Every structure is written in C-alpha cells, then in structure tokens.
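Single-structure report; data block below.
Owing to the predicted nature of the structure, the values given are computational and were not obtained by experimental measurement.
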Amino acid sequence: MIVFTDDKDRLLRHFEKDPVLFAYHIGDLDDFHFPYCQWASLYADRPHIVDCVLVYTGLDKPTVLAFGLSDRFDQLLDELVDLLPVEFYCHFQKPSLPILSRGYECTPFGPHYKMTVREFVPSQHSLEPGAEILRLDRSHEPQVRDLYDTAYPEGYFASRMLDTGRYVAVRMDGKLRSIAGVHVDSAANRIAVLGGIATEPAYRKRGYASVLTSQLTQDLLAGGRRVALNVEAGNQAAIRCYEKLGFVRTHEYEEGFFTRKR
C-alpha cells in the first residue's frame, strides 16, 4: 500500500542506495525544494522504504521521478498512476511505460543518460578577448530568460534558482551568450545536479559551455558535493564535453510528457 511520507531520514537512507540515480531526490530533501515534493513510498518492514516515486510541483507543470530498485516497484507505480496529475513531465525507466500509459498519452522525449564526475579534468578552453564570466542573481533574470528563449526554449527554468548563487554565464558583446546552473544543490546532503546548460546558437563551438560547466563543477566539488547531471542521449556534443571534464554515464532512462486520456 502507498504511504505518502515526509520522513527525511528514511527517504535519505533509501536514496543513498544509488546517489546518482536519485541525485534529484536527495537534493529535493533540502528545505529549498521540500515544500514542493510529494513522496509516494512503499514500505517492507518499517522503517525501511522499498521504493519511492517523487512528484515535484515547483515548476509550471508537475514532474514525476519514477525510478525503482526492487521487484515491487511496478506495484507502487500501478497503485499511484491513477493519483497522478492530469499533466506531468516524467523521468522513468523504460519498463514502466506500459503502466504509465494505462491512463495517459505519452509524448516521448527519448532516452537520456545520468552522468557523474569520476575524475574531474578542468576545461582547457579559454575565452576570447571581450568575453567575461558573470555569477548571476535575480537582477539578471530578464537576460537569463532571453538567453533561454533563444538557446534552450524546450528547457525549464525557475527564477528562484538564481537565489542559489550557482548560475554562471559568459557575457559577450553586452549580452549573455552561454549559461550553466544547477537544478539542485544541497550542502547538507552533499549533492548537486547541474542543469540549464545552454549557449546561443551563433556563439556555439567556442568552448563557452565547457568553461562554465568546468568552473561550476570545480566550485561544487570544492564544497564537498557529488556532482551529477542529465543529458539527452542524442546530444553527442554535450556528452563529449562532459566526458572531457571527467563525467561518466551511469544510467539510461526515458523522459516524456504525459496527458490523462479522456
């Protein structure tokens, strides 16, 4: 039977079984994200969580993170699927698609990889004259949104993430041309997930993303974080960039947008 829990200690013990697969979950245990989280859990012998699905409501559309570890995960998802929102983004393991599709139509976004740093290698790129790196805050929000509208319109961005102090950008010719940030950053649980990495099309292949990702990764590692990220499996340029910095692929999963059937 599903139990909705807010017991951070039990949740953390479960997620630490695979801290890369559950990097978002661990980061979302922070007070910064926790009010937007619903934790649908399946227990064996209490206090042990067997599996857990996270429903995150801190974005324009809910996001469901559905990663299982046990042979009982299908049971959890089967009980939960009728309780999910009318529309949601979902990160899921491919065998879960038939259960999710029982009541929902899926717009697939294809396979993705989870990556983490095995041995960090700083970027060898340098910026050309006139380019500078900025650390961003809320005052930069209009420029950040303009950049994402041009460089990454299919992505998602919550302005409150600028309050983390973990967004950096390259400014060139008076405008932001490339950006990198985090989706979660937890000092308490020593985890960070990079996200929102994008470069304006006319300024690509100059090493901007490599420089920004390198600086951000170095800062987070120095702060004691395990650093992870998600990337589309078909984005070979991004994967090569991350691999040169010492990231390795650890898991493959699927992303999609689900809408309840009439």
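No path of Ile, Leu, Val, Met, Phe, Trp and Tyr side chains, each step under 4.5 Å between heavy atoms, connects F67 with Y89, placing them in separate hydrophobic clusters. Hydrophobic clustering (side-chain heavy atoms under 4.5 Å, transitive across Ile, Leu, Val, Met, Phe, Trp, Tyr) keeps F92 apart from V193.
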Next item on the list: Test E255 against C90 for side chain to side chain contact (heavy atoms under 4.5 Å, CB included), laying out the working first.
Entry: CA-CA 6 Å; E255 290 190 12; C90 191; over 6 Å; no
Note to self: Using side chain to side chain donor-acceptor pair (under 3.5 Å), reason through Y152 and E154 one step at a time and then give a plain yes or no.
What the structure shows: CA-CA 6 Å; Y152 193 22; E154 70 277 16; 5.3 Å; no
Note to self: Pair H183, Y156 - check ring-ring contact (aromatic ring centres under 6.0 Å, His included), show working.
What the structure shows: CA-CA 10 Å; H183 288 158; Y156 62 87; 4.8 Å; yes
Notebook entry, point to check: What's the verdict on side chain to side chain donor-acceptor pair (under 3.5 Å) for Y113 and N235, showing C-alpha distance, side-chain angles and the deciding distance?
Noted result: CA-CA 10 Å; Y113 296 125; N235 191 347; over 6 Å; no
Next item on the list: With side chain to side chain donor-acceptor pair (under 3.5 Å) as the test, would you mind laying out the steps for S214 and S123 before giving the verdict?
Entry: CA-CA 6 Å; S214 177; S123 174; 5.1 Å; no
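Sorted by first and then second residue, the salt bridge (charged side-chain N to carboxylate O under 4.0 Å, His left out) pairs involving residues 11-24 (not counting sequence neighbours) form an empty list. Counting only residues at least two apart or in different chains, salt bridge (charged side-chain N to carboxylate O under 4.0 Å, His left out) contacts with residues 200-229 comprise E128-R206, R135-D219, R177-E200, D185-R225. The list of salt bridge (charged side-chain N to carboxylate O under 4.0 Å, His left out) pairs with a residue in residues 102-116, not counting sequence neighbours, reads D78-R102, D82-R102.
Side chain of Q124 to main chain of P122: a donor-acceptor pair is present (N/O by atom type, distance under 3.5 Å, no hydrogens or angles). For the pair N189 (side chain) and I191 (backbone), a donor-acceptor distance under 3.5 Å is absent. A donor-acceptor pair is defined here as one N or O able to donate and one able to accept, closer than 3.5 Å; such a pair exists between the side chain of H14 and the backbone of I49.
The one candidate from K261, E87, R260 that meets the side chain to side chain donor-acceptor pair (under 3.5 Å) condition with Y104 is R260.
For the residue pair Y36 / D28, no side-chain donor-acceptor distance below 3.5 Å is found, with atom types taken as modelled.
Shown here is D149, whose CG atom has more than 12 heavy atoms of other residues, nucleotides or ligands within 6.0 Å. Annotation for E243: atom CD counts as buried by contact number, over 12 foreign heavy atoms lying within 6.0 Å. Remark: R190 CZ is loosely packed, at most 12 non-hydrogen atoms of other residues, nucleotides or ligands lying under 6.0 Å away.
Taking the centre and axis of the six-membered ring of F34, the NZ or CZ atom of K8 falls inside the cone set by 45° and 6.0 Å. Under a cutoff of 6.0 Å and an axis angle of 45°, R160 and F32 form a cation-pi pair.
Checked against the 6.0 Å centroid criterion, the rings of Y56 and W39 do not qualify as a close aromatic pair.
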